[in-house]
Each structure stands twice: as structure tokens, then as C-alpha cells.
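Note that the structure is predicted; figures quoted are calculated from it, not measured.
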Amino acid sequence: SLHLSRLAEELIIWASAPFGFVKLSDEYSTGSSIMPQKRNPDAAELVRGHSGRIVGLLTGLMVTMKGLPLAYSKDMQDDKEPVFEARDLLVLSLEALAGMVETVEFVPERMRAAAAQGYSTATDLADWLVREADVPFREAHHITGRAVKLAEERGCDLADLPLDALGEIDPRIDERAFDVLSLEASVRSRTSYGGTAPERVREQIANAKEELDPSSRP
């Protein structure tokens, strides 16, 4: 239930106007009574609320049981109701969230724009200096910070800074650095297990499909 609540919160945030990462289907959202243009993520909010109720039921059950001896006591006739209620809420939450995920529409252009904000490839420049120019990371960190400050002053991204400007910050930066400053290059470079590289993501998708496929089970 906690996992469902966290996923529901992601959908609620992603569907909000400042993000706009997803569009919810009419089947799992409702219009606002005041603002006709607004689409409320009701199903996700109810799943999030159900999680609070389930946590409360668990707490109540544990308080009932905590002082009992290791044998049956009449108090234990009250251990069924919270279990049954939690089960019903959990099944309802699973059905609602499964439907939302199945019908949600993603907006990749908004996601990409958000991912590119905040000089997200600055670490890639620092890593490049360490890897290609043999610069200690502490020093590379300061060099990259100066590059970010220059980009802020010029109102541009790191990848849009001219090579001569980067060279003035540190002459060890050459044209090869631009190979790591794009968002796509940054994503591709994370190749460790569970990383963002496309091949790693495809592996995780394949693993998830295999686990969810009933025919693959013994």
C-alpha cells in the first residue's frame, strides 16, 4: 500500500500544471467544480488516502496484539476486522492504480525540457575532466562550477558555451567535452546496473515483463 501511495503521488505531481508530464484519462480523473479546464487525479488521491487508512489499521492491529500472551485470548476476535478492511482497500487501490497506469498518456517533450534544466550535465563535465584530463575531482568540481556560473551569466546551457570561453576557464577543456554535455549523452553514460542508459532500461523492462508473465512461472 505504501508503494502504491508513492506511485500515486508521482502521478499526482506529474499531472499538475507546473509539470505536465502526463495526461490522465477521463475514466480516472474528474473535472473541477470551479475550474472547467482542470482535471483532478481523484483515483490517485484516493489510493494515497487509502494507504493512510491501511497504516492505521495495521497500527490498531499491532496495539491489540502487543500485550497478549503467546496463546489465544478473546481480544483476538478483533484482529479480523482490520485485516479484512485493509484487504478490501488494497484490492480497490490496486485496481484503480492499474487502470490509471494503463490509460495514462505521457508527454515526453515536457519531461525532456525539465530534465535539461538546472545544468543537469554539469557532473558529466566534471567526470570528463577527471577521466580525460586527469584532473582530481575536487579541482574538476571547482572548474565545472565556474563553467556553470558563466553559463548563468550568459543565459545559456553548458553545451551552448563556446569552446574558447571554456578554454579560458581551464585550458584542459577541449572539443571532446561537448560529447558529454548533451542530455542524451548524459543518460547514455550511466551504464551500471539499474542506470539510465537505454540498454539498462530495456533490461529492466524485459525483466519486469518476464516476472509478470504467468507462462514463465514454474
Q: Which heavy atom of R146 sits nearest to which heavy atom of I169, and what is that distance?
A: NH1-O, 3.2 Å

Q: How about R131: does its CZ atom have over 12 heavy atoms from other parts shown lying under 6.0 Å from it?
A: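 Count over threshold, so yes.
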
Q: Please report the closest heavy-atom contact between A43 and M100, naming both atoms and the distance.
A: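 For A43 versus M100, the nearest heavy atoms are CB-SD, 3.6 Å.
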
Q: Keeping the roles fixed (side chain from T196, backbone from V187), state whether a donor-acceptor pair exists under 3.5 Å.
A: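 Yes; judged by distance alone, with no hydrogens or angles, the pair exists.
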
Q: Hey, does S29 have a side-chain heavy atom less than 4.5 Å from the side chain of P41?
A: no

Q: For D213 and S215, test the side chains for any donor-to-acceptor distance below 3.5 angstrom and give the result as yes or no.
A: yes

Q: Assigning hydrophobic clusters by single linkage (Ile, Leu, Val, Met, Phe, Trp, Tyr; side-chain heavy-atom cutoff under 4.5 Å), is L94 placed with L57?
A: yes

Q: Given salt bridge (Lys or Arg N to Asp or Glu O under 4.0 Å), test R154 with D160 step by step and report yes or no.
A: CA-CA 10 Å; R154 296 193 178 192; D160 297 326; over 6 Å; no

Q: Roughly how far, to the nearest 0.5 Å, is the CG atom of L163 from the CZ atom of R176?
A: 11.5 Å

Q: Charged N to carboxylate O under 4.0 angstrom, D134 versus R172?
A: no

Q: Just verifying a value: how many Å separate H50 NE2 and D88 CG, rounded to the nearest 0.5 Å?
A: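 Going from NE2 on H50 over to CG on D88, the span is 10.5 Å.
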
Q: Can you name the nearest heavy-atom pair linking R48 to A8, along with the distance?
A: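 Answer, listing the atom of R48 first, then A8: N-CB, 4.4 Å.
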
Q: Can you tell me how far apart CG (D75) and OG1 (T64) are? Round to the nearest 0.5 Å.
A: 7.5 Å

Q: Tell me whether V101 shares a hydrophobic cluster with I13, the cluster being built from Ile, Leu, Val, Met, Phe, Trp, Tyr side chains joined at under 4.5 Å.
A: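 Same hydrophobic cluster.
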
Q: Give, for atom OG1 of T144 and atom NE2 of H141, the distance between the pair rounded to the nearest 0.5 Å.
A: 8.0 Å

Q: Are any of the side-chain nitrogens in K80 or E85 under 4.0 Å away from the carboxylate oxygens of its partner?
A: no

Q: Are any non-hydrogen side-chain atoms of D26 and R39 less than 4.5 angstrom apart?
A: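 Heavy-atom side-chain distance check passes, below 4.5 Å.
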
Q: Just checking E10: does its CD atom have more than 12 heavy atoms from other residues, nucleotides or ligands closer to it than 6.0 angstrom?
A: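 Counting neighbours around CD of E10, more than 12 heavy atoms of other residues, nucleotides or ligands fall under 6.0 Å, so yes.
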
Q: Quick one: does R188's side chain get under 4.5 Å of E199's, heavy atoms only?
A: no

Q: So, using side chain to side chain donor-acceptor pair (under 3.5 Å) as the criterion, who are the partners of T30 when residues are at least two apart?
A: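 If we apply the side chain to side chain donor-acceptor pair (under 3.5 Å) test to T30, skipping adjacent residues, the hits are D42.
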
Q: How long is the gap from CG on L97 to CG on L4, to the nearest 0.5 Å?
A: 5.5 Å

Q: Give the minimum heavy-atom separation between S5 and V47, together with the two atoms involved.
A: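 Of all heavy-atom pairs spanning S5 and V47, the closest is N-CG1, 4.4 Å.
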
Q: Do V148 and L183 share a hydrophobic cluster, counting only Ile, Leu, Val, Met, Phe, Trp and Tyr and linking them when any side-chain heavy atoms are less than 4.5 Å apart?
A: no

Q: Can you give each donor-acceptor pair under 3.5 Å made by side-chain atoms of residues 117-128, sequence neighbours left out, with the distance rounded to 0.1 Å?
A:
{"residue": "Y119", "atom": "OH", "partner": "E152", "partner atom": "N", "Å": "3.3"}
{"residue": "Y119", "atom": "OH", "partner": "C156", "partner atom": "O", "Å": "3.3"}
{"residue": "S120", "atom": "OG", "partner": "A115", "partner atom": "O", "Å": "2.8"}
{"residue": "T121", "atom": "OG1", "partner": "L181", "partner atom": "O", "Å": "3.2"}
{"residue": "D124", "atom": "OD1", "partner": "S186", "partner atom": "OG", "Å": "3.3"}
{"residue": "D124", "atom": "OD1", "partner": "R190", "partner atom": "NH1", "Å": "2.5"}
{"residue": "D124", "atom": "OD2", "partner": "S186", "partner atom": "OG", "Å": "2.9"}

Q: Do the side chains of M111 and V107 get nearer than 4.5 Å, heavy atoms only?
A: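 Side chain of V107 against side chain of M111, heavy atoms only: no contact under 4.5 Å found.
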
Q: Just jot down the salt bridge (Lys or Arg N to Asp or Glu O under 4.0 Å) partners of D78, sequence neighbours excluded, or say none.
A: none

Q: Does a salt bridge link R112 with E184, judged by any charged N lying under 4.0 Å from a carboxylate O?
A: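 Salt bridge between R112 and E184, a charged N being under 4.0 Å from a carboxylate O: yes.
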
Q: Using a strict cut-off of less than 4.0 Å between a Lys/Arg side-chain nitrogen and an Asp/Glu carboxylate oxygen, indicate whether R6 and E9 qualify as a salt bridge.
A: no

Q: Test side-chain contact (heavy atoms from CB on, under 4.5 Å) on E105 and V22 and set out the steps.
A: CA-CA 5 Å; E105 178 184 347; V22 298; over 6 Å; no

Q: Rounded at 0.5 Å granularity, tell me how far CG in L89 sits from OG in S1.
A: 8.0 Å

Q: So does V55 get a backbone contact from the side chain of T59, meaning a donor-acceptor N/O pair under 3.5 Å?
A: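 Present.
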
Q: Does CD in Q77 sit with more than 12 non-hydrogen atoms of other residues, nucleotides or ligands closer than 6.0 Å?
A: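 Yes, enclosed.
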
Q: Which atom pair, heavy atoms only, marks the closest approach of I173 to L166?
A: CD1-O, 3.8 Å

Q: Give me the atom names and distance for the closest heavy-atom approach of A159 to F178.
A: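 Smallest heavy-atom distance, with atoms named: O-CE2, 3.6 Å.
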
Q: Check the hydrophobic clustering (I, L, V, M, F, W, Y; side-chain heavy atoms under 4.5 Å; chains of links allowed) and say if L92 and I12 are grouped together.
A: no

Q: Are Q204 and Y193 close enough that some pair of their side-chain heavy atoms sits under 4.5 Å apart?
A: yes

Q: When clusters are formed by joining ILVMFWY residues with side-chain heavy atoms under 4.5 Å apart, either directly or through shared neighbours, do L7 and V104 land in the same one?
A: yes

